[in-house]
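Count residues from 1 along the sequence.
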Amino acid sequence: MLSLVVAPALEAASAPVRRPAPAKPAAPRVDPNTPWLYRGSDIPQDKEWIFGELSNGVRYAVRKNGVPPGQVSIRVRMDVGSLYEQPSEMGYSHLLEHLVFRQSKYLGDGQAISTFQRLGATFGSDTNALTGPISTTFKLDLPDVSGAKVDEAMKLLSGMVIAPTLSEANVRSDVPIVLAEKRERGGTAERVFEQTQQTLYAGQKLGSRPVIGTEAALTGANQASVRAFHQRWYRPENCVIVAVGDIDPAKLEALIKTWFGDWRGVGPRMPEPPFGDPLAPKGAKGLAPVGETRVIVESTLPRQITYAVLRPWRPVRDTVVYNQGIMIESLAQAIINRRLEARARAGGSFLVAQVDKQKISRSADVTYVSITPLGPDWKTALGDTRAVIADALAKPPTQEEIDREVKEFAVAFESSVEQRRLLPGARLADDMVTALDIRETIASPETVLDIFKRSIPLFTPANVLARTRAIFRGTVTRSVYVTPQANEASPQALKLALAAPIAADGKSRVDAKPIDFASLPPIGSAQQPSARKNTGLLDIEQLDFANGVKVLLWPTEDEPGRVTLKVRFGAGWRAFNPQTAPYAALGDLALVSSGEGKLGQEEIDKIMTGRKMGFDFKIEESTFVFAADTRSADLADQLYLFAAKFATPRWDPQPVLRAKAASKLSYAAFAASPQGMLERDLRYFERNRDATFRTPDPQEIEATTPEGFRQVWEPILRQGPMEIHLFGDFDRDAAVAALAKTFGALPARGGLPAGTAPATARTLAPSLEPVLLHHNGDKDQAAAIIGWPTSGGAANIRESRQLEILTQLLQNRVLEKLREKLGQAYSPQAVNDWPVDLDNGGKIMVIAQLKPEAVPVFFQLADEIAADLVARPVSADELGLVTEPLKQQLTRAGTSSAFIMYLMEGATTDPVRFTTVRSVMNDYTVTTPEAMQALAKKYLTRNASWRLAVLPQGRTLASLPGWVPGAVLTK
């Protein structure tokens, strides 16, 4: 499998209606000198990888990489996942992942997290593991490496994988943690996912083996059964070690041999179990007959249709010809998806529809079609989508359509080559693991681009038509419809709708004729900067234009081929009030799409075709942001695209109407879980019920209009400060000239619009009585938060950074007590938020998802931990478990120009921020136990805190064991 950046690896050959038991492909002649990953393939080897095999069967791949400097990324991948489990073992693969971290040959009980923290690795981001249907991978990104540190890491990982302490006591300790994770994962969305899996993969293990397992199997786990599972699958022949980083690969090879070379499996190796094939219904005839269908009624979820054309998965020879087939299939999908998007933009029966072909867990080769209907008329939405696909199956695309997508592919592949030395080692290691999962190869960006260029003559209408037809042929078609309304559909009605003949509809074929920036009018008269200033930081300079636009400019060759552009303007959330806030929600989806000048949404897409350009938008606390990753060749046009949005904004109504539909469809889902309720309402309550921050309900969204949208957003685009960040691999003089023609040519910005809120936030008053919210999801799910107000602004930025240390101390203690010792929560989090652009509004919060009965325990535990931090200094060792990972995170981040520029946001109007860049390492890592205690005394007192809980509908805090009656506030 080539590392294609635009589509997953897809099997080229179509499958017959029914296939016999898996047959092994003809074995090619194998050169014993060929690295194990490339045997049977003619894909040119990526020579930067060094492959090897130990005599015991362990395979490895190592590589030198210096991004970020001083880091080594290690992945230990085991061939075992949920599809390897017996019914009585469901969840064992994932349980074993937890037990490996609990205790092992070189790590005492509960020592893994603190040991890796002492090595500078942050738990969760640098140290983690992932279990899936077919593999379990242990991940370590080790910073500030030395030979001794990597040796220690390899030793620890070997002990974890080869000799974990699978005692009865450890099983009993970890099962509650896994059940807590199962509860957090659970709820409406997980229930729908499991039912969907059961339907789409009926008769296969993938449909009946959830990775998290079952409560019965997990509670029944014991020392003997878990040890037997480990002995069966944790063998050297099932292990691949990937190590990439800033160290001699020969040293990595030597360490792998030292720590994994003596590993021996016990007993004969077990073969991989059969995963099963998708099968057509008995007596079915024709291609991809409709099989299992299901209607899932969930009152809080939007409507969603998924249908899948399934074929058996088979191993392939990962050859050049095979990958050329993948590229043609990717073109076919891109063309269909562009037509479906055009249909949705024009208004109609569905909000969005998409085709996606994937290989799934070595179980099925699947073409998915997903549809979000706009209303209860699901049959029309399904029919309209099928009609667009039917047209693609009936007639070839135009060469112009193909050429448009080819240009998109080309710029992606070319950018990968340009930026190849920017790829971090962790990404390279993860890409190798992905290749192992699908049992295909990996290739350098140059190889991918070369194969693509050689394939261009194959990208013909006839070939794309043939591949389009192939990806919709298969063994069986299955479908699931999720709806909030009972009796709206039945499995039989869904089956009939899928099987019904459909007429091809070619009205959504997209005009692919390109648009040239040269044909667009100028922004205005070019104006050179009126002032140029040296910031005193690296080679970053500030340009001031007479119209009020200020630019931070940093040409640097540290990131070849990459240019980052950010335009920060206006007042962000301060620009809205309770009456206009619904238009903020719509702006996230519709502001860019509503167009500019002569360009509507489709024309914007066209003009960016074949260019590395973007147009992201977000609303921040006190600013709006347009952002894009581009390259030097496209920078001038990217600047024009952004500037034109301010100079000649367009107000097409259809994107606003589409955004309204999306907002209304998604609202009910918030109430399906504690997480959803927090997403919907937490900010509103944090801001002391300021209605500006309340998520608008469907009635409020319905009351909005395209005319109102323009009235709110037009002054925002015209007024207020504007700061541009431009950094990366570009020519300075050419960039300044392009800025002069675009942002320098804009009219004067002026002050903020009338009615802009001050840079002061309303905050929730301290109270020991929690705000109480309710969700209508699963009855065993709850969430709780305790928050301590802090402050805001840049003037005291050091204190905000020191508070991050205190927050991480809080995080470690909460994780240890609430998860590791009590098993009450899987992923409790402590968060430090200090809004630099506001005078106040900061907070430290601890958040956990829990059983409802554990909410009082959470508040009591959080109070006890905070009180202890107030009462006595932490030890130097405990402090080091936080400051060393923070030091390593900052060291790595400091190699990125994006991080430096992030620290300078807002500095053109608040120059004090320039000075805070130099102190960032000291502020985040140099402190004392006494300083932490002083901060805890200042902020973490019990009477300064506020609390919030989300319980199932019908429950009250007074009904919870251990709760003091009457300590309740309700919404």
Step-by-step side-chain contact (heavy atoms from CB on, under 4.5 Å) determination, V882 to M932: CA-CA 12 Å; V882 169; M932 290 295 100; over 6 Å; no
For the residue pair [X] and [Y], what are the closest heavy atoms and their distance?
X	Y	value
S525	A745	O-CB, 3.2 Å
P721	L752	CD-CD2, 3.5 Å
I619	A584	CD1-O, 3.6 Å
L657	P706	CD2-CG, 4.1 Å
E602	D511	OE2-O, 4.2 Å
L903	R801	CD2-NH2, 4.1 Å

May I ask you to decide whether [X] forms a salt bridge with [Y], counting only side-chain N to carboxylate O separations under 4.0 Å?
X	Y	answer
K612	E418	no
R687	E621	yes
R732	D539	no
E400	R404	no
D652	R345	no
K645	E596	no
E799	K938	yes

With W713, the ring-ring contact (aromatic ring centres under 6.0 Å, His included) member among Y583, F646, F569, F576: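 That would be F576.
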T915, T909, D910 screened by side chain to side chain donor-acceptor pair (under 3.5 Å) with R913, the one that passes: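 Between R913 and the candidates, side chain to side chain donor-acceptor pair (under 3.5 Å) is satisfied uniquely by D910.
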Under 3.5 Å side-chain donor-acceptor pair for Q808 and E804: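 The criterion, which ignores hydrogens and geometry beyond distance, is satisfied for E804 and Q808.
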Any side-chain donor near an acceptor of the partner, T756 and R574, under 3.5 Å: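 No pair is found: no donor N or O on one side chain lies under 3.5 Å from an acceptor on the other.
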Spacing of [atom1] belonging to [X] relative to [atom2] belonging to [Y], to within rounding of 0.5 Å:
X	Y	atom1	atom2	result
S666	I701	OG	CD1	8.5 Å
I540	L726	CD1	CG	11.5 Å
R650	L599	CZ	CG	7.5 Å
D634	R631	CG	CZ	5.0 Å
I844	L806	CD1	CG	5.0 Å
L543	Q528	CG	CD	10.0 Å

NZ/K664: more than 12 non-hydrogen atoms of other groups inside 6.0 Å: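 Yes.
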Exceeds 12 heavy-atom contacts within 6.0 angstrom, atom OH of Y902: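 No, OH of Y902 has 12 or fewer neighbouring heavy atoms, counting only those of other groups under 6.0 Å.
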Would you check if the side chain of [X] reaches a backbone N or O of [Y] as a donor-acceptor pair within less than 3.5 Å?
X	Y	result
E559	D729	no
T623	E620	no
S800	N796	no
T704	E700	no
D246	P68	no
Q638	S632	no
E714	Q711	no
W834	G793	yes
D690	A761	no
S919	N922	no

Check against side-chain contact (heavy atoms from CB on, under 4.5 Å), M904 and V917: CA-CA 7 Å; M904 299 174 69; V917 176; 3.7 Å; yes
Do the side chains of [Y] and [X] get nearer than 4.5 Å, heavy atoms only?
X	Y	answer
F545	L739	yes
L537	F914	yes
E884	K887	yes
L639	L635	yes
R611	L641	no
V831	T807	no
M901	T564	no
P789	T763	no

Aromatic plane relationship, F617 with F624 - under 30° parallel, 30 to 60° tilted, over 60° perpendicular: parallel
Geometric class of the F452/F409 ring pair [parallel <30°, tilted 30-60°, perpendicular >60°]: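 It falls in the tilted class, 30° to 60°.
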Derivation and outcome, side-chain contact (heavy atoms from CB on, under 4.5 Å), residues E686 and L764: CA-CA 5 Å; E686 283 180 335; L764 188 61; 5.6 Å; no
Pairs flagged by side chain to side chain donor-acceptor pair (under 3.5 Å) wherever residues 542-553 is involved - sequence neighbours left out: K533-D544, Q542-D544
Derivation of the salt bridge (charged side-chain N to carboxylate O under 4.0 Å, His left out) call for R420 and E446: CA-CA 9 Å; R420 65 163 303 167; E446 290 84 358; 2.5 Å; yes
Candidate pair R421 and V67, rule side-chain contact (heavy atoms from CB on, under 4.5 Å), full reasoning: CA-CA 8 Å; R421 77 177 181 90; V67 182; 5.9 Å; no
All side chain to side chain donor-acceptor pair (under 3.5 Å) counterparts of N577, not counting sequence neighbours: T580
With R749 via side chain to side chain donor-acceptor pair (under 3.5 Å) - residues at least two apart: none
Sub-6.0 Å ring centroid separation between F685 and F693: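 Judged by ring-centre distance (under 6.0 Å), F685 and F693 do not meet the cut-off.
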